[in-house]
Amino acid sequence: MDIKIPYNEDLRPDTGLYNAKLGIWLFLASEVMLFGGLFSSYILLRAGASVWPPIGLDGQSVAHLLEETIGLATFNTVALITSSVTMVMSWVSLKMKDISKFKMYMWITISCAIIFLIVKYFEYSHKIHEGFIPAHDTYMALYFTMTGLHVLHIIGGLFVLVYFVMPDGIKMWDDEPIRFTNRIEVFGLYWHFVDLVWIFLFPVLYLLN
Amino acid sequence: MSNKEHHEESFWTKYVFSIDHKVIGIQYGITALFFLLIGFSLMMVMRWQLAYPDTAIPIVGPFIKWLATLNGFASEGNLPSDLYNVFGAMHGTIMIFLGVVPLIVGAFGNYLVPLQVGAPDMAFPKLNMASYWSYLPGGIIMIISFFLPGGAANSGWTAYPPLSDIATQGQTWWLVAMIFLISSSLLGSVNIIVTIVQLRVKGLTWMKLPFFVWSQLITSFLLLLAFPPLEVAAIFQLMDRIAGTSFFLPSGLVISGEMLQVSGGGSPLLWQHLFWFLAHPEVYVLILPGMGVIAEVIANNTRKPLWGYKSLVYSSFFLGFMSFTVWAHHMFLTGMGQGMSTFFQITTMIISVPSVVILSCFMLSLWGGSIRFNVPMLFALGWIPMFGVGGLTGLPLGLSTSDIHLHDTYYVIGHFHYVVAPGTIFALFSGIYFWFPKVTGKMLDETLGKIHFFASFVFMNGVFFPMFIQGLAGVSRRLADGGASYAHAADVLKWNETMSYSAWLLGLAQIPFIVNLIWTLYKDKDSKANANPWNATTIEWTDATSPPLGHGNFKKTPVVYNGPYEYSVPGMKDDFLPQTKKIKKGK
Ligand code: HEM
Ligand SMILES: [Cu+2]
């Protein structure tokens, strides 16, 4: 009895895809709808507000604080774009069968993700410290929810990245190199998407106020 | 999964944490049937309150009293109105999200799609398992929330804010459970799509797919793309409830004479947009796979090809696409404006065209067939007019002028129950009777099945038809006393008893079904249920290993030569031509 699932590694001739690649594209389509829903809500709530960012019950608006954090956010943008580039490089290294280069690029990617999270941590605690919690006004609510969901995507991705360079994950390279390379490619697509979301979040939340 | 992992499995990996699509399908099936029963029981209790408001309920009265006391409501064995609201909200939620969809997609889709496309399993077996194990906790959370102070969610299955934002903690549990269920259907839908696109066997080209597979494909796309915005809405509502944000709370909201201390600036309508962006496609998630089942059963039992296979496929595509453009027809009365109403009214009229095409194809398929009136076919034949009633009554709702009168009345309840209850649920019954021999190797009893069908058919109409009468007279939905304190309802109030008795009798009518399931399972394997008892053409009957199916689906990977509905081909000895049987051209 043949119970091996076809096209796990090789491409199906008429679609030109292996299973996981189609799978990740579909997953990303649903992610587009998720963030699409968030951005649409942003537009709707902003259109209903008289000033933006709105003034909270304490008579304050977060506008001045945002000016200060643009620098940090720009830095984070650079960190994420770098990680996207190194993610591609690690996949390319696998294609060239250079496992040590692969590891190096993966660690750079991981470091960028960690740097992003640390900066985000300081940003969050600064805002909360000044009293700009999610309940302060609808801008803050959107800010924390949208960036928070994005951060969750980064954290999830970080776990997977670390798994790939740990002995348990990387041993697949010895047994099934094609499958391992596919995994990195598929994860890379996810990672670029998370990067792309930030490229939208950055201007929408920091610059267009 | 490779051959070398093909070892003896333990009880846990074989029956509990199985990655075999057939076992997962059965798990989904049993769990979902169980939830359907719970959802239906809630309604049977509510129907007492509607017929005889504020009187003690026979049989279950003491239990209701116990539950009400636990929740902090006063009850003398009657259903207090707070608990009525809980039951109403949870009836809708359980029926749709925990009953019908998991049954028709999780169970039927999981079990049949790989078999019908000739695949050894789903494309991602482990994700498949994860999807069930995300569904079950979602269900358990919903059930546990019944026992909280204040009870489970009580703002309706639509969970409209501001009410839901300030409701008791059951609502928070509801939201968390919904996030589990949403994740589950996202995983499931990716899996089904990839399986259909990637794992079709050689020769099984797109236009040779059974219509059931098409319906699952389109349904999965709807689930994939419509659920994320609801996830956004659920997260927003969680934030409102837990972090004190005001996504859905407008400025200056006054509750019980006091100004709510929140920043405000939010929009209750935002929830409605996000919710209906999911929930309208969701109604097609409920009906499309049902249509898939009906198509298989009709073709098989008329012994002739399905009429208009291509029209069915293209109509379903169009239906799927258009279902994303009609959501605000649920919001005509929110004051969203003339322009919006006009737009959504037009799209709603357009979307009813493909539904009519599909229904017509099924009716024309009957023409000239020599129909076998077995139980699956009876349910399919019952489905046709019932879905017709449901669909036609949708049209006046889709026109904003008539909807002013009908919105939020029992007419709406009648409309959607006709499409979902004698609609989708009949399709489910039809499918269960049809594929039961494939799953277990045993045929369900015909006599018990016929009692089940005729009784259900009569009482379904007894429950739902009077709703149109009451609704047209203006009786609102969600009234805890069924309209007793509502002057305009006086003339039509008498129907409440008819509906309630029908509902309880409908409950009784399910007993032959349950007995049939259990009794047949304990029976010895009978000889009639050979591998292909209905003389069907599709791969799951002709090529899969004999029932009940063990690990792995096909001894030899099948190759497809023919379309799915080659019945009564002229000049052939048998009146069915399996998809995988090669015939020489010209014969
Ligand atoms: C065939 C054409 C259909 C049309 C034109 C149509 C139209 C409508 C409209 C306009 C409403 C909103 C009524 C109101 O709240 O005032 C409605 C409600 C509803 N419809 Fe349909 N519908 C159709 C088919 C279906 C199908 C196939 C299903 C499910 C399988 C369905 C399920 C529902 C549900 C669940 C609601 C009520 C939701 C709620 O408010 O709780 N409909 N329909
Ligand atoms: Cu709708």
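Chain letters run A, B, ... following the sequence lines, proteins first, then strands; residues in each count from 1.
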J.: Can you tell me if NE2 on His129(A) sees more than 12 non-hydrogen neighbours from other groups inside 6.0 Å?
T.: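 Not more than 12 within 6.0 Å, no.
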
J.: Could you grab the distance from atom CG of Leu270(B) to atom OH of Tyr42(A), nearest 0.5 Å is fine?
T.: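 Rounded to the nearest 0.5 Å, the CG-OH separation comes to 14.0 Å.
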
J.: What part of Ile133(A) lies closer than 4.5 angstrom to a heavy atom of chain B: side chain, backbone, both or neither?
T.: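 The answer is neither part of Ile133(A).
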
J.: So if I apply the side chain to side chain contact (heavy atoms under 4.5 Å, CB included) rule between Ser30(A) and each of Leu224(B), Leu223(B), Ile182(B), which one comes out positive?
T.: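 When Leu224(B), Leu223(B), Ile182(B) are each tested with Ser30(A), the side chain to side chain contact (heavy atoms under 4.5 Å, CB included) holds only for Leu224(B).
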
J.: Side chains of Pro125(B) and Ile5(A): closer than 4.5 Å at any heavy-atom pair?
T.: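 Yes, side chains in contact.
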
J.: Could you report the tightest heavy-atom contact between Thr138(A) and Gly264(B), atom names first, then the distance?
T.: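 That would be CG2-O, 3.8 Å.
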
J.: Return the OG to CZ distance between Ser40(A) and Phe277(B), rounded to the nearest 0.5 Å.
T.: 8.5 Å

J.: With a cut-off of 6.0 Å (strictly less than), are more than 12 heavy atoms of other residues, nucleotides or ligands near NZ of Lys208(B)?
T.: yes

J.: Got a donor-acceptor contact below 3.5 angstrom from the Gln198(B) side chain to the Arg12(A) backbone?
T.: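 No; judged by distance alone, with no hydrogens or angles, the pair does not exist.
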
J.: Mark yes when over 12 heavy atoms from residues, nucleotides or ligands other than Met166(A) sit less than 6.0 Å from its CE; otherwise mark no.
T.: yes

J.: Heavy-atom cut-off 4.5 Å, strictly under: side chain, backbone, both or neither for Phe227(B) against chain A?
T.: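 Neither part.
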
J.: Using heavy-atom distances under 4.5 Å, tell me whether Ile235(B) contacts chain A through its side chain, its backbone, both, or neither.
T.: side chain

J.: Answer with side chain, backbone, both or neither: which region of Asp58(A) has an atom nearer than 4.5 Å to a non-hydrogen atom of chain B?
T.: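 Neither part.
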
J.: Name the region of Leu225(B), side chain, backbone, both or neither, that has any atom closer than 4.5 Å to a heavy atom of chain A.
T.: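 Interface part for Leu225(B): both.
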
J.: So what's closer than 4.5 Å to chain B heavy atoms on Leu38(A): side chain, backbone, both or neither?
T.: both

J.: I'd like to know whether Thr145(A) forms a side-chain contact (heavy atoms from CB on, under 4.5 Å) with Phe247(B), so could you lay out the CA-CA distance, the side-chain angles of the two residues, the decisive distance to 0.1 Å, and finally the verdict.
T.: CA-CA 11 Å; Thr145(A) 312; Phe247(B) 283 110; 3.3 Å; yes

J.: Taking the side chain as C-beta and beyond, is there a heavy-atom pair between Leu142(A) and Phe236(B) under 4.5 Å?
T.: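 Heavy-atom side-chain distance check passes, below 4.5 Å.
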
J.: Which atoms of Val262(B) come close to chain A, meaning under 4.5 Å heavy atom to heavy atom: side chain ones, backbone ones, both, or neither?
T.: backbone

J.: Based on non-hydrogen pairs under 4.5 Å, which of Gly37(A), Gly48(A), Ala141(A) is most in contact with chain B?
T.: Ala141(A)

J.: Tell me, do Leu199(B) and Asn19(A) make a side-chain contact under 4.5 Å, heavy atoms counted?
T.: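 Sidechains of Asn19(A) and Leu199(B): in contact.
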
J.: If you draw a 6.0 Å radius around CH2 in Trp25(A), do more than 12 non-hydrogen atoms from other residues or ligands fall strictly inside?
T.: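 Not buried by this count: 12 neighbours or fewer within 6.0 Å.
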
J.: Highest number of heavy-atom pairs under 4.5 Å with chain A: which of Leu230(B), Leu186(B), Leu269(B), Val194(B)?
T.: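 Of the candidates given, the most pairs with chain A belong to Val194(B).
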
J.: Picking from Leu274(B), Thr195(B), Leu187(B), Val197(B), which has the most non-hydrogen pairs under 4.5 angstrom with chain A?
T.: Val197(B)

J.: Return the OG1 to NZ distance between Thr557(B) and Lys4(A), rounded to the nearest 0.5 Å.
T.: 12.0 Å

J.: Counting heavy-atom pairs under 4.5 Å with chain A, which one of Met122(B), Arg200(B), His273(B) comes out on top?
T.: Arg200(B)

J.: As an exercise, state the distance from OG of Ser263(B) to OH of Tyr139(A), rounded to the nearest 0.5 Å.
T.: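 Those atoms lie 14.5 Å apart.
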
J.: Would you compute the distance between atom OG of Ser220(B) and atom CG of Leu26(A) and round it to the nearest 0.5 angstrom?
T.: 9.5 Å

J.: Is it the backbone or the side chain of Leu22(A) that comes under 4.5 Å from a heavy atom of chain B, or both, or neither?
T.: both

J.: With a 4.5 Å heavy-atom cut-off, do Val232(B) and Phe35(A) have their side chains touching?
T.: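 No; the side chains remain at least 4.5 Å from each other.
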
J.: Less than 4.5 Å apart, side chain to side chain, heavy atoms only: is that true for Pro134(A) and Met239(B)?
T.: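 The answer is yes, as the side chains (C-beta and beyond) meet within the 4.5 Å cut-off.
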
J.: Would you say the side chain of Pro229(B) lies within less than 4.5 Å of the side chain of Leu34(A), judging by non-hydrogen atoms?
T.: no

J.: I'd like to check Pro120(B) versus Pro6(A) (side-chain heavy atoms, cut-off strictly below 4.5 Å). Are they in contact?
T.: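 Sidechains of Pro6(A) and Pro120(B): in contact.
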
J.: Heavy atoms, side chains only, cut-off 4.5 Å: are Thr245(B) and His136(A) in contact?
T.: no

J.: Using a 6.0 Å cut-off, check whether atom CG of Leu11(A) has over 12 heavy atoms from anything other than its own residue.
T.: yes

J.: Can you tell me which portion of Ala29(A) sits under 4.5 Å from chain B's heavy atoms? Options are side chain, backbone, both or neither.
T.: both

